[in-house]
Amino acid sequence: MKTPSRLPRPFAVILLAGAIAFGATGLTGCSTNPATGQQVFTLMSPEEERKVGASEHPKILAEFGGAYDDQAIQAYVSQLGARLVANSEQAGLPFRFTVLDSPMVNAFALPGGYVYVTRGLMALAESEAELAGVVGHEIGHVTARHGAQQQGRAVGVELIAGLLGVLSGNSGVAQAGSAIGGLYLRSYSREQEFEADSLGLRYLTRDGYDPGAMASFLTKLRDKSKLDAAILGSAADPDEFSLLSTHPRTIDRVKEAAAAATGTGPSGGRVEREGYLRRLDGMIYGDSPEQGYVRGRRFVHPTLRFEFAVPPGYVLVNGTSAVKARAPDGSVIIFDSAKPESRAAMRAYVQRRWGARLALADLTDIEVNGMPGATGVTRIRTDSGPVDLRLVAIDGGGAIYRFVFATPSDSTARQTEALQRTTFSFRRISEAEAAREHPLRLRIHTVRPGDTVARLARWMPEGPQAEARFRVLNGLAPDEEPAPGSLVKYASY
């Protein structure tokens with residue numbers, strides 16, 4: 001949960017629609033892309049792409065915690081990116097590379113040459129070659145102008161849908177069209193991902209890196225996604241927890257692209273593992289102070305100076321806009337904050353503002369460690385059965401802090417006391433207490449004889465499946481032990 005700003009978007013009709021679609025794509029005509037050799041139709045010129053990138057760049061920084069405050073790391077990634085761009089078909093295109101201060105494992109690019117990787121991704125990568133594979137892939141999206149193509153498709157769909165909606169008198173048609181347009185922007189197509197892989201591998205091998213690094217990182221990413229899903233107890237696709245949700249790729253297709261790319265450069269190639277890992281030594285791992293920390297069952301925010309604890313069995317996850325905790329039975333706790341209401345009583349806030357669309361019952365005033373609050377309950381119907389919701393709002397002075405407790409109705413009674421304890425565990429912390437909280441940092445260790453995964457995993461931060469987390473962080477197979485003299489990563493305060 002990041003610190004908010006000062007606290008913490010009939011037949012004639014078909015013919016006409018087709019004409020509009022043709023006109024829309026004809027706004028800029030067609031051109032041959034030098035990277036792919038294919039003709040592309042877009043609604044944006046290269047200059048407009050750069051304007052879009054420049055306009056969206058500050059929003060990306062705001063959403064992902066800003067740029068990571070380490071000039072050496074930023075310069076390293078920029079230099080790596082510049083070498084890869086120099087090996088592309090558009091070496092003169094201005095690129096900007098940014099390491100985001102986010103623990104998420106993610107990477108993406110905006111039109112106009114804005115490329116981003118998170119420090120969470122850098123921590124997962126095992127070598128410079130793996131990082132270069134990620135950065136090269138994103139450069140491939142830019143040189144292939146995939147962002148401009150996505151924008152063009154979305155606008156074309158919305159133009160057609162809007163026209164059909166006006167002529168048919170059915171606003172639902174237009175709304176459906178907007179939804180379809182949104183899907184185009186939500187992720188790249190598999191064909192575009194394969195194209196970006198092929199281009200990225202081309203740039204990778206031209207610069208002398210091992211083309212197998214792209215597939216090896218994708219394997220690590222898949223393993224981490226599965227582990228995250230297992231820890232959260234989710235039956236959903238594990239890819240939803242990583243960049244695989246917006247980069248639909250398969251290891252087989254990446255290997256296929258790598259096999260094709262070996263003809264563009266030397267076989268094998270450099271990996272640069274040790275030097276890369278040495279650069280990571282001391283990097284913040286997990287959440288930063290501005291985002292707050294998960295400490296087992298406790299969440300503490302040293303910048304906003306508060307903390308609370310969730311019941312045993314719940315797994316805490318810190319997000320950009322909320323903190324969430326999930327229990328094995330499907331119960332969920334959501335915590336966030338809102339701007340304060342001037343002279344508004346908490347009971348009125350819960351009933352008339354926050355919970356206005358809910359039929360809340362048992363509205364009650366409470367006091368939480370000297371802070372006024374209010375709570376109310378309701379029951380909703382879901383596909384999985386009835387769920388009880390309890391809303392809790394606490395006036396923290398500079399913000400309203402809010403809990404939503406969602407429990408399957410058949411488990412509410414037995415969880416009531418534990419969830420009450422969570423509510424009343426919320427408290428303000430002193431400056432001295434806040435000063436004692438430090439971020440985790442990535443550490444690099446040279447494996448000694450006798451070091452085992454079981455032993456080294458004890459150095460990992462508290463939480464479930466420490467050994468599995470250590471293996472994923474270091475790319476170790478389920479039965480593999482680290483070799484003496486090799487380097488491994490772990491996290492400590």
Side-chain angles (χ1 to χ4, degrees), residues 33-37 72-99 105 107-109 113-119 121-144 193-221 243 247 249 251-281 283 444 474-475 483 485-487 489:
N33 187 289
T36 64
I73 289 292
Q74 295 287 352
Y76 168 64
V77 174
S78 293
Q79 291 162 7
L80 172 65
R83 291 201 313 269
L84 294 170
V85 170
N87 284 283
S88 77
E89 299 77 13
Q90 300 192 47
L93 186 68
F95 272 77
R96 181 169 180 171
F97 299 90
T98 303
V99 179
V105 178
F108 46 89
Y114 289 77
V115 175
Y116 307 88
V117 296
T118 62
R119 56 175 171 79
L121 183 144
M122 290 189 69
L124 182 63
E126 197 68 16
S127 66
E128 184 173 285
E130 289 191 351
L131 177 62
V134 173
V135 175
H137 175 94
E138 299 305 330
I139 292 172
H141 279 307
V142 175
T143 58
E193 289 297 337
F194 184 70
E195 193 168 64
D197 279 334
S198 299
L199 291 171
L201 284 159
R202 181 188 300 172
Y203 311 149
L204 195 69
T205 54
R206 284 177 178 175
D207 204 35
Y209 288 106
D210 179 3
M214 188 178 284
S216 67
F217 180 75
L218 195 60
T219 300
K220 292 181 178 65
L221 185 60
L243 62 84
H247 289 64
R249 305 154 75 190
I251 296 172
D252 287 344
R253 291 202 72 178
V254 172
K255 289 181 177 178
E256 178 186 337
T262 54
T264 66
S267 59
R270 70 183 193 276
V271 174
E272 304 289 356
R273 181 178 186 271
E274 181 174 345
Y276 176 76
L277 295 181
R278 296 292 186 194
R279 289 181 183 274
L280 300 186
D281 200 5
M283 174 186 278
I444 306 303
N474 289 284
S486 65
L487 300 181
K489 298 172 283 187

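What you see below is based on every heavy atom in this structure, not just the backbone, and it leaves out hydrogens, waters and symmetry mates. Along the sequence shown, residues carry numbers from 1. None of the values given here were measured: they were computed from a predicted structure.
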Visitor: Rounded to the nearest 0.5 Å, what's the gap from CG on L218 to CG on D197? Could you check?
Guide: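 Between L218 CG and D197 CG, I get 7.5 Å after rounding to 0.5 Å.
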Visitor: Is K220 reaching over with its side chain to a backbone N or O of L124, donor-acceptor style, under 3.5 angstrom?
Guide: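 Side chain of K220 to backbone of L124: no pair is present.
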Visitor: Once side-chain hydrogen bond (donor to acceptor under 3.5 Å, both in side chains) is applied, do any residues pair with S216, and if so which ones, sequence neighbours excluded?
Guide: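 Scan of S216 (side-chain hydrogen bond (donor to acceptor under 3.5 Å, both in side chains), adjacent residues dropped) gives E130.
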Visitor: Within the 4.5 Å heavy-atom criterion, are Q90 and F95 side-chain neighbours or not?
Guide: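 Counting from C-beta outward, Q90 and F95 never come under 4.5 Å.
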Visitor: Between S88 (side chain only) and L84 (backbone N and O only), is there a donor and an acceptor less than 3.5 Å apart?
Guide: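 No, the answer is negative, given that no donor and acceptor are paired below the 3.5 Å cut-off.
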Visitor: Any idea which heavy atoms bring A109 and V115 closest together, and the distance?
Guide: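 Closest pair (atom of A109, atom of V115, distance): CB-CG2, 4.1 Å.
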Visitor: Give, for atom CD1 of I139 and atom OH of Y203, the distance between the pair rounded to the nearest 0.5 Å.
Guide: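 Interatomic distance, I139 CD1 to Y203 OH, rounded to 0.5 Å: 8.0 Å.
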Visitor: Apply side chain to side chain contact (heavy atoms under 4.5 Å, CB included) to K489 and I444, showing your working.
Guide: CA-CA 5 Å; K489 298 172 283 187; I444 306 303; 3.6 Å; yes
Visitor: Does the R270 side chain pair with the main chain of D207, one donor and one acceptor, at a distance under 3.5 Å?
Guide: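 Here the side-chain-to-backbone pair exists.
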Visitor: Please evaluate residues H141 and E195 with respect to the criterion side chain to side chain contact (heavy atoms under 4.5 Å, CB included), reporting the C-alpha separation (whole Å), side-chain torsions for both, the decisive distance (0.1 Å), and the verdict.
Guide: CA-CA 8 Å; H141 279 307; E195 193 168 64; over 6 Å; no
Visitor: Are any non-hydrogen side-chain atoms of L121 and F217 less than 4.5 angstrom apart?
Guide: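 Touching, per the 4.5 Å side-chain cut-off.
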Visitor: Does the D281 side chain pair with the main chain of L277, one donor and one acceptor, at a distance under 3.5 Å?
Guide: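 Pair absent, no side-chain N/O of D281 close to backbone of L277.
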Visitor: Below 4.5 Å, heavy atoms only, C-beta onward: do F97 and Y76 meet side chain to side chain?
Guide: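 Result no, sub-4.5 Å side-chain heavy-atom pair not found.
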Visitor: Compare every heavy atom of L204 with every heavy atom of A129, then report the nearest pair and how far apart it is.
Guide: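 Looking at all heavy atoms of both residues, the shortest contact is O-CD1, 3.9 Å.
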Visitor: So R279 and M122, side chain to side chain contact (heavy atoms under 4.5 Å, CB included) or not? Walk me through it.
Guide: CA-CA 10 Å; R279 289 181 183 274; M122 290 189 69; over 6 Å; no
Visitor: Distance from Y209 atom OH to E272 atom CD, nearest 0.5 Å?
Guide: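 Going from OH on Y209 over to CD on E272, the span is 6.5 Å.
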Visitor: What's the separation between atom NE2 in H137 and atom OG in S198, rounded to the nearest 0.5 Å?
Guide: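 Rounded to the nearest 0.5 Å, the NE2-OG separation comes to 10.0 Å.
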Visitor: I need the minimum non-hydrogen distance between V135 and G81, along with the two atoms involved.
Guide: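 So the two residues come closest at CG1-CA, 4.1 Å.
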Visitor: Does any donor atom in the side chain of E138 or Y114 lie under 3.5 Å from an acceptor atom in the other side chain?
Guide: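 On atom types as modelled, these side chains do not qualify, holding no pair under 3.5 Å.
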Visitor: CE of M214 to CG of L201: how many Å apart, nearest 0.5 Å?
Guide: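 If we round to the nearest 0.5 Å, M214:CE and L201:CG are 4.0 Å apart.
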Visitor: Grab the two heavy atoms, one from L199 and one from G140, that are nearest each other, plus how far apart they are.
Guide: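 In this case the closest contact between L199 and G140 is CD1-O, 3.5 Å.
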Visitor: I need the N474 CG to L487 CG distance, nearest 0.5 Å.
Guide: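 Rounded to the nearest 0.5 Å, the CG-CG separation comes to 9.5 Å.
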